[in-house]
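The structure appears right after this line, and notes come after that.
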Amino acid sequence: MKTESLPGPSAMTRFLRSDASQKVLAFGALIALFVVFSLASPNFFQFSNVVGILLATAVNGILALGVTFVIISGGIDLSVGTTMTFAAVMTGVFITNMGLPIPIGVLGGLIAGGLAGLVNGVVISRMKIPPFIATLGMFNATKGLSLVISDLTPIYFNDAAGFRDIAMGSIIGIPGFEIPNAVWIMFLAAIVASLVLSRTVLGRYTFAIGSNEEAVRLSGVPVAFWKTAVYVVCGLFAGLAGVVIAARLNSAQPSLGAGYELDAIAAAVIGGTSLSGGEGTILGTVIGAFIISTLTNGLRILSVPQEWQLVVTGAIVVLAVYLDLIRRRQR
Amino acid sequence: MDDVLVRMEGISKAFPGVQALNQCRFELRRGEVHALVGENGAGKSTLMKVLAGIYHPDAGTITLKGQPVHIGGPGAAQHLGICIIHQELNLMPHLTAAQNIFIGREPRRGFGLVLDDRLINEQAEALFKRMHLDLDPKAKVADLTVAKQQMVEIAKALSFNSEVLIMDEPTAALTESEIHELFRVIRDLRAKGVGLVYISHRLEELKQISDRITVMRDGSYVDTAQTSEIPVERVISLMVGRTIYESAPELPEHPSDEIALEVRGLNRAGVLKDINFSLKRGEILGFAGLMGAGRTEVARAIFGADPIDSGEVIVRGQKVHIRSPKDAVAHGIGYLSEDRKRFGLSTKMDVETNVVLAALEKFTGLAGWVRERDTRTTAEQYVGSLSIKTPSVRQKVVNLSGGNQQKVVIGKWLTANSDVLIFDEPTRGIDVGAKSEIYKLLNELARQGKAIIMISSELPEILRMSHRVIVMCEGRITGSLTSAEATQEAIMTFATQRGERAFVHPENGDAQ
């Protein structure tokens, strides 16, 4: 009857029950992957390869940041991959087709992503369409729009000098060991996302809505507004990812994008974001994104066929969710 | 009178198909605890949800301190100083106590964007101090006991400087000592001039805590009286509209000597320790104890819903291995969960489907084809014999009252040919009138030779129904009493007998 008199749970149980555990496990897994691949192949732990991993993480990582917000709020967003492509295509339209200055084009790309998020948010929070269906609709809509707008052909940024540097230049880094801007952009975005999530009103309501939406509503909070805001945030990150991938490829590829949403969701889930809402961290998501790209990279270096890489990443996601379930059961 | 805080008059509210409130009135004074009672569906919660701005009345007026008010929504009600604490607590389990209290009005810095968590922690701390509570504002709500979570809700209400506090079944999930704590806080608030509305099914509590009682029936106002001047029996008869005799019905004649179920040395690390008992045909065995004593866990272990570390279950003299509920059903054991809606029924399906659900293979022919004529006949037969009040067997269970839902669950296990029936809190959430029907049904089942385990937290129910009583505390059986030996005092003594700790981590059964 009196819980105070209970002897404390063991250190192990306490750890497993703590929110930190999944992050620590994920981080440990990342280190283990690095060690294993480094031992398995001399080509793995090379500066150029590590940069490759970082670069591969950047786009998926940025997408996963937005998805983390949505999943913590108890929703899901299947449209981030194709929204990213839509944003990339719009950036191409603004810069290459319309000849607008690069900053305007970049802003346009971000807004395009934000708009897709706004539509998702309104459809979900006002029309009460389940997020899975609403964003599946947006997945197809942005995919189609990208193809229509670009007329099925890639838009190149050859005339916009400096656009490629947004992702591939290196403003910070020692000569000879340059780390591309795309990586810094991801880290910066992650820091901003982390602050928004932990310190601002938006972040608090993201957690609160995912934890118990009805309670938030009964507390007099305009839930529909904040839910919409969460999807707008997710759309903005997808827009940012669109700009980064366009800069990295120096082109907007309209047929790209499908499948990215699943990697982004996987990154969040591996990092300990609970699919039932209310739980998750940006740090965890970033680690999750790194695990995915490290795994893909390492398996490629070990000459594992691409088909098998997919099988392995699939298994890892299921394993991560399973570990999370065990952790929950021990509470 | 100027000490009247709230006056509701002529309040009507209809939902599709039901007149939930019909010309209701209610009055709340400053510094009083006003109990609101009535059977399930009498409209108590609806009336209070109108006051709290969750529902808009179709007709009627509300005046607050003499001023007519329009309550637009829950937010508006809070601003007027009216707060409601719902039966199912409305907290965000992943947030801290302080974050829960200040949800929706977080103090902000930095252009109104950045949260000031230090400030809310301080303010929450001050609130808890005012309530003489030992509670960490930074504790995650999911990690608090139900009682503490309720205190967080009360603190939240107080933080609005509420003058009107509505509590819907606040003690439903609390232990005795937690109820004392709650009552202390309630009396504190009353002394400070807060008006409290107290909705409860536990009539004996009202004598302890309330000043006045208002009775509702079928969406209408019945009467208001001073608690000290009205006997409980009178309250009950006003609630049901007829007189009910609370006297004990005759227990069915002595149980047979044939043992239906025997449990030997049941252990589950951290939950159950050395559980031994036997149950005869025709016997009703009461399981008493405080919340978290492990009674539900015993039932779930026998039923195969939870794994056990060691122990034997013997059904009709045969040792059986029950590894899953499927095995239990095959051996004629039925478990009627305390949470009917979650574990006992498919509420969105009809009576017929629910009745045959646990024994569907009896009704299936080639290739899984369900013989609907048979299922229908069976369902109709139980609707008759258990007198389930439903327009037809095709009615969705969600539309039935709690008592009738419970009967559907009983019908389900009878269809599955269960000889051993484990009832977990069989009358929870069931109104007074329907309770005595369930009791009659339990007696009838025992008379027919069913062996019954009845887990109950209501001592009067245990005393009234059981041939024998087993008392549990902290995962162990601490006492076994015959009906002659069983008194409230004896049971409570065993129920609080701690001794050596049986386990490390109590599962309340409500863990996520």
Side-chain angles (χ1 to χ4, degrees), chain A residues 1-10 12-14 16-19 71-74 192 195-223 225-226 229 272-274 276-281 324-325 327-331, chain B residues 52-54 73-79 84 86 88-95 99-106 108-110 112-117 134 140-145 147-148 153 156 175-178 270 290-293 473-474 495-496 498 501 503-506 508 511-512:
Chain A
M1 177 161 73
K2 277 214 180 78
T3 37
E4 297 86 67
S5 65
L6 293 174
S10 74
M12 187 60 196
T13 325
R14 248 196 333 260
L16 278 172
R17 278 194 236 161
S18 72
D19 294 336
I71 297 180
I72 292 175
S73 80
V192 171
L195 288 175
V196 169
L197 203 51
S198 61
R199 306 298 293 275
T200 71
V201 186
L202 174 63
R204 177 64 41 81
Y205 291 154
T206 304
F207 279 104
I209 291 170
S211 188
N212 185 350
E213 185 175 335
E214 187 58 18
V216 184
R217 192 189 321 280
L218 291 177
S219 303
V221 174
V223 170
F225 173 84
W226 291 106
T273 302
S274 160
S276 47
E279 273 178 82
T281 57
D324 189 43
L325 273 180
R327 182 171 71 95
R328 251 165 251 287
R329 232 173 269 159
Q330 272 161 342
R331 284 187 182 233
Chain B
I54 296 165
Q78 281 170 355
H79 280 292
I84 185 164
H86 297 272
E88 52 293 316
L89 295 177
N90 266 298
L91 294 167
M92 289 133 278
H94 299 93
L95 269 52
Q99 288 171 355
N100 264 282
I101 291 172
F102 291 99
I103 189 79
R105 55 207 167 102
E106 295 81 359
R108 302 174 190 178
R109 295 176 288 139
L113 281 175
V114 181
L115 298 168
D116 193 344
D117 268 357
D134 179 29
K140 230 184 180 191
V141 161
D143 299 334
L144 300 175
T145 61
K148 291 275 191 281
E153 286 245 43
K156 179 177 171 183
T175 64
E176 287 294 327
S177 76
E178 289 167 342
L290 301 170
M291 288 259 172
C473 179
E474 297 183 336
T496 51
R498 293 246 150 67
R501 293 209 52 85
F503 57 100
V504 188
H505 175 61
N508 295 323
Q512 303 262 337

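Since the model is a prediction, treat every value here as computed from it, not as a measurement. We name chains A, B, ... by the order of the sequence lines, and we start the count at 1 in each one.
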B:Ile101 CD1 to B:Leu95 CG distance, which is reported to the nearest 0.5 Å: 11.5 Å

Part of B:Ile54 within contact of chain A (heavy atom distance under 4.5 Å): side chain

Spatial distance of atom OG (A:Ser274) from atom NE2 (B:His94) [nearest 0.5 Å]: 6.0 Å

Gap separating the CG atom of B:Asn90 from the CG atom of A:Leu218, nearest 0.5 angstrom: 5.0 Å

CG on B:Asn100 to OG on A:Ser211, rounded to 0.5 Å: 7.5 Å

CG on B:Asp143 to NZ on B:Lys148, rounded to 0.5 Å: 13.5 Å

Engaged part of B:His86 at the chain A interface, taking heavy atoms whose separation is under 4.5 Å: side chain

Contact origin within B:Leu91 toward chain A - heavy atom pairs under 4.5 Å: backbone

Region of B:Asp117 that comes under 4.5 Å of a non-hydrogen atom in chain A: side chain

Which of A:Arg204, A:Arg199, A:Glu213 touches chain B most, by non-hydrogen pairs under 4.5 Å: A:Arg204

Side chain, backbone, both or neither of B:Arg105 within contact of chain A (heavy atoms, under 4.5 Å): backbone

